[in-house]
**Student:** 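Once you've had a glance at the structure underneath, I'll fire off some questions.
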Amino acid sequence: MHPRDDSPSADEALGRAAGLLRAAERVAVLTGAGISAESGLPTFRGAGGLWEGHRVEDVATPMAFARDPSLVWRFYNMRRAALGTVQPNPGHHALVRLEERLGEGRFTLITQNVDGLHRAAGSRRVLELHGNLRRVRCTRCPAALDRGLEELGELPRCDQCGELLRPDIVWFHEMLPQDVWMAAGRAVGTCQCLLVVGTSANVYPAAGLVRLGRDYHAKVIEVNLERTPASDHADETLLGPSGEVLPRLVQALASGGR
Ligand code: OAD
């Protein structure tokens, strides 16, 4: 059972947050694993999280891949297989409605998630900071491609050069793709409202976007089950599951006109 704040003050906070969105010419959204939790995908931290059953150092670093690529591929093949059984939830769909409402040029969705559920829901302007589970790339040549959810085996090889493929995921100790990161910075630095959803906000550089938004005078709205380091920068923190809070927030925005 998710904690949920039904108090009158929570309704007021929701109304104020809708007002912040309404006043914004441009909106940026930063999402994390929490938005996909109600689709049935585990988050990373906390009880039952992915990092409880696996050590980051064993499965999510370039050093881990160099040492034991089979182990790393087993971890990512398990996560790829899980994608076949899940669908976007009402939180993802609410962000699609927000983008439709604002229109082109006024909305950017930045996600740390690699599950592809924002695009599956219908979001169009999506920046994937940490890559995507469906994509692979070669460890030697420039080949990079979408292999969908096809079974890849433990040590998949490149069709072009025969070298080992790796998941197209940003691992710890790796740089974010430069173009995606720059676009995310521009979106956050030029928006008037930043919506931060379902992230523990402690993995950098992504978490630094919250502070960046604040420094460039964006109003910050946070949606999470609990307070996080982002809460210190937030004008409004809406506590509750994003699959419930986001539809209510977008509904409140719509019923307020403009
Ligand atoms: P975390 O697992 O660190 O945090 C998930 C957040 O979602 C927590 O703050 C939860 O309270 C919140 N949450 C859980 N269920 C929720 C729900 N139904 N509604 C709203 N909030 C909910 O995941 P991230 O912050 O995404 O990186 O982690 C950031 C990065 O660390 C990931 O992209 C991944 C990981 O290591 C890489 O693998 C490179």
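Basis for what follows: all heavy atoms, side chains included, without hydrogens, waters or symmetry-related copies. Both ligands and their constituent atoms are indexed starting at 1 by order of listing.
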**Student:** Do the side chains of Arg135 and Glu128 get close enough for a salt bridge, i.e. N-O under 4.0 angstrom?
**Tutor:** yes

**Student:** Looking only at N/O atoms, are Asn113 and ligand 1 under 3.5 Å apart anywhere?
**Tutor:** no

**Student:** With heavy atoms of Trp51 as the reference, note each atom of ligand 1 found under 4.0 Å away.
**Tutor:**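 Going through ligand 1 atom by atom, the ones under 4.0 Å from Trp51 are 35 (C), 36 (O).
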
**Student:** Would you kindly say whether Gln112 and Thr199 are connected by a side-chain donor-acceptor distance under 3.5 Å?
**Tutor:**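 Side chains of Gln112 and Thr199: pair found under 3.5 Å.
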
**Student:** Would you mind running through ligand 1 and noting each atom that sits below 4.0 Å from a heavy atom of Ala37?
**Tutor:**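 Near Ala37, the atoms of ligand 1 are 15 (N).
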
**Student:** Has the side chain of Arg101 got a donor or acceptor atom that lies under 3.5 Å from a matching backbone atom of Val96?
**Tutor:** no

**Student:** Examine Leu30 and Leu176 and state if one hydrophobic cluster contains both, with Ile, Leu, Val, Met, Phe, Trp and Tyr joined whenever side-chain heavy atoms are less than 4.5 Å apart.
**Tutor:**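 As far as the 4.5 Å side-chain criterion goes, Leu176 and Leu30 are connected within one cluster.
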
**Student:** For atom 22 (C) of ligand 1, which candidate among Gly34, Ala60, Ala33 provides the closest heavy atom?
**Tutor:**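 Considering heavy atoms of Gly34, Ala60, Ala33, the nearest to atom 22 (C) of ligand 1 sits in Gly34.
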
**Student:** When you group the ILVMFWY residues by side-chain heavy-atom contacts below 4.5 Å and let the links chain together, are Met182 and Val180 in the same group?
**Tutor:** no

**Student:** Side chain or backbone, does Ser242 bring an N or O within less than 3.5 Å of an N or O on ligand 1?
**Tutor:**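 Yes, there is a polar N/O contact under 3.5 Å.
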
**Student:** Can you find a heavy atom in the side chain of Asp235 that is under 4.5 Å from one in the side chain of Leu20?
**Tutor:** yes

**Student:** If the cut-off is 4.0 Å to any non-hydrogen atom of Glu226, which atoms of ligand 1 fall inside it?
**Tutor:** 11 (O)

**Student:** Honestly curious: do Leu98 and Leu14 fall in one hydrophobic cluster under the side-chain, below-4.5 Å linking rule?
**Tutor:**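 Same cluster.
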
**Student:** Please say whether Val203 places an N or O atom under 3.5 Å from an N or O atom belonging to ligand 1.
**Tutor:**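 By distance alone, the answer is no.
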
**Student:** Heavy-atom distances under 4.0 Å decide this one: backbone, side chain, both or neither, for Gln112 against ligand 1?
**Tutor:** both

**Student:** Using 30° and 60° as the class boundaries, would you call the ring planes of Trp51 and Phe75 parallel, tilted or perpendicular?
**Tutor:** parallel

**Student:** Does Arg45 approach ligand 1 within less than 4.0 angstrom via side chain, backbone, both or neither, non-hydrogen atoms only?
**Tutor:** both

**Student:** Answer side chain, backbone, both or neither: which part of Trp171 comes under 4.0 Å from ligand 1, heavy atoms only.
**Tutor:** neither

**Student:** Which one holds for Val170 and ligand 1: side chain close, backbone close, both close, or neither close, with close meaning a heavy atom under 4.0 Å?
**Tutor:**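 It is the backbone that touches ligand 1; the side chain stays farther off.
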
**Student:** Provide the number and element of each atom of ligand 1 under 4.0 Å from a heavy atom of Phe172.
**Tutor:**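 Ligand 1 atoms under the 4.0 Å threshold to Phe172: 36 (O).
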
**Student:** At a 4.0 Å threshold, what atoms of ligand 1 neighbour a non-hydrogen atom of Gly32?
**Tutor:** 26 (O)

